[in-house]
Amino acid sequence: MTEGTTSAAAEGADTLTRLEQEGEIAADYLEGLLDIADLDGDIDMDVEADRASVSIISDTSGRDLQKLVGRDGEVLEALQELTRLAVHRETGDRSRLMLDIGGYRARKRTELSELGAKAAAEAKSSGEPVRMNPMTPFERKVVHDAVKAAGLRSESEGEEPQRFVVVLPA
């Protein structure tokens with residue numbers, strides 16, 4: 001191996017180790033929250049797309065976990081930010097950790113990918129930009145990825161919390 005290859009491999013291993021550490025800190029924090037709230041749930045950790053990913057899953061119906069998702073994922077977003085802050089407090093580094101509860105975010109990702117693909121198809125057929133409803137940063141990212149996969153470009157416009165995606169025709 002060359003020096004550059006060795007250095008890149010070591011950097012990749014360091015990044016993976018750091019992301020795994022973020023996941024462990026997040027899991028400990030979330031376990032504590034589940035205990036305080038007297039909710040059952042198992043913690044699953046992974047590294048996806050260069051970010052730590054932590055999921056809370058349940059063997060039961062998941063109705064208890066639904067409380068942690070809230071209306072339109074609002075509680076989930078807040079818990080994700082609190083978890084990121086807990087990781088930041090321990091590591092001193094900003095975290096891009098993603099939290100999923102009861103598969104909510106995974107289902108939302110599928111819906112948004114389909115929505116992005118439909119908007120891309122509409123922009124292709126009409127030749128006009130397609131403006132979408134306001135979305136969270138996570139939702140916009142999923143739509144941008146779906147539009148890119150469809151071979152088009154998209155941009156975010158507006159100010160939070162009214163920021164939205166515009167799909168541009170070819």
Side-chain angles (χ1 to χ4, degrees), residues 1-34 41-58 65 68-70 72-120 132 134-161 163-168:
M1 274 200 283
T2 65
E3 184 177 317
T5 306
T6 305
S7 175
E11 187 175 303
D14 288 347
T15 299
L16 182 61
T17 301
R18 182 181 51 80
L19 293 174
E20 288 172 343
Q21 178 189 18
E22 280 187 22
E24 299 221 2
I25 293 167
D28 289 344
Y29 177 77
L30 291 166
E31 285 280 352
L33 283 178
L34 289 174
D42 295 323
I43 308 290
D44 184 35
M45 297 177 295
D46 200 1
V47 174
E48 298 173 1
D50 292 333
R51 63 172 54 183
S53 175
V54 179
S55 299
I56 301 175
I57 52 178
S58 176
L65 290 184
L68 297 178
V69 172
D72 296 328
E74 290 174 340
V75 176
L76 170 59
E77 290 290 334
L79 286 173
Q80 177 175 277
E81 284 307 309
L82 288 172
T83 305
R84 286 177 174 176
L85 286 171
V87 170
H88 177 71
R89 186 184 67 227
E90 291 289 321
T91 65
D93 295 325
R94 183 178 175 272
S95 173
R96 294 178 51 234
L97 176 128
M98 288 295 287
L99 175 62
D100 192 6
I101 299 175
Y104 174 83
R105 209 177 280 276
R107 287 188 302 277
K108 191 77 170 170
R109 180 177 279 122
T110 300
E111 290 173 20
L112 290 165
S113 292
E114 291 170 3
L115 185 65
K118 284 180 185 175
M132 303 181 80
M135 299 177 185
T136 66
F138 161 75
E139 293 169 335
R140 290 193 308 270
K141 170 75 169 100
V142 173
V143 170
H144 285 305
D145 290 347
V147 170
K148 184 177 180 181
L152 293 182
R153 278 186 334 109
S154 58
E155 298 174 347
S156 291
E157 293 184 4
E159 298 294 322
E160 295 292 354
R163 200 154 167 81
F164 59 94
V165 173
V166 177
V167 180
L168 304 169

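With sequence neighbours excluded, the residues forming a side chain to side chain contact (heavy atoms under 4.5 Å, CB included) with L168 are P129, R153, E155, V166, listed by chain and number. In this structure, E114 has no side-chain hydrogen bond (donor to acceptor under 3.5 Å, both in side chains) partners at least two apart in sequence or on a different chain. In this structure E160 satisfies the side-chain hydrogen bond (donor to acceptor under 3.5 Å, both in side chains) test together with R140, sequence neighbours excluded. Remark: T91 pairs with no residue by the side-chain hydrogen bond (donor to acceptor under 3.5 Å, both in side chains) rule, at least two apart or across chains. In this view, L115 and L112, M132, M135 satisfy the side chain to side chain contact (heavy atoms under 4.5 Å, CB included) rule, not counting sequence neighbours. For P134, the side chain to side chain contact (heavy atoms under 4.5 Å, CB included) partners at least two apart in sequence or on another chain are Q162. Residues that satisfy the side-chain hydrogen bond (donor to acceptor under 3.5 Å, both in side chains) test with D145, not counting sequence neighbours, are K141. Annotation: side chain to side chain contact (heavy atoms under 4.5 Å, CB included) contacts of A150 (sequence neighbours excluded): A120. For E111, there are no salt bridge (charged side-chain N to carboxylate O under 4.0 Å, His left out) partners two or more places apart in sequence or in a different chain. Every residue meeting the salt bridge (charged side-chain N to carboxylate O under 4.0 Å, His left out) condition with R84, not counting sequence neighbours, appears here in chain and number order: E81.
Remark: the backbone N or O of G158 is paired with a side-chain donor or acceptor of R163 at under 3.5 angstrom.
The shortest heavy-atom contact between A146 and S113 is CB-O, 3.5 Å. Smallest separation of non-hydrogen atoms from V75 and G70: CG2-CA, 3.7 Å. For the residue pair S58 and L65, the shortest heavy atom distance occurs at CB-CD1, 3.4 Å. Pairing each heavy atom of V147 with each of G116, the nearest pair is CG2-O, 3.8 Å. Of all heavy-atom pairs spanning I25 and A86, the tightest one is CG2-O, 4.1 Å.
When side chains are defined from C-beta on, I56 does not count as touching L79, because their heavy atoms never get closer than 4.5 Å.
Atom CG of D50 sits about 7.0 Å away from atom CZ of R96, to the nearest 0.5 Å. Considering CG of D72 and NZ of K108, their distance stands at 6.5 Å, rounded to 0.5 Å. Here CG of L68 is found 9.0 Å from CG of L30. Values are rounded to the nearest 0.5 Å. Atom OG of S95 sits about 9.5 Å away from atom CG of L85, to the nearest 0.5 Å. Taken to the nearest 0.5 Å, the CD1 atom of I101 stands 12.0 Å off from the CD1 atom of I57. Distance check, rounded to the nearest 0.5 Å: OG1 of T83 to CG of L33 gives 6.5 Å.
Among residue pairs with one or both ends in residues 98-107, those qualifying as side-chain hydrogen bond (donor to acceptor under 3.5 Å, both in side chains) are E77-R105, Q80-R105; sequence neighbours excluded. Among residue pairs with one or both ends in residues 19-29, those qualifying as salt bridge (charged side-chain N to carboxylate O under 4.0 Å, His left out) are R18-E22; sequence neighbours excluded.
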Step by step, would you call S154 with H144 a side chain to side chain donor-acceptor pair (under 3.5 Å)?
CA-CA 6 Å; S154 58; H144 285 305; 2.5 Å; yes

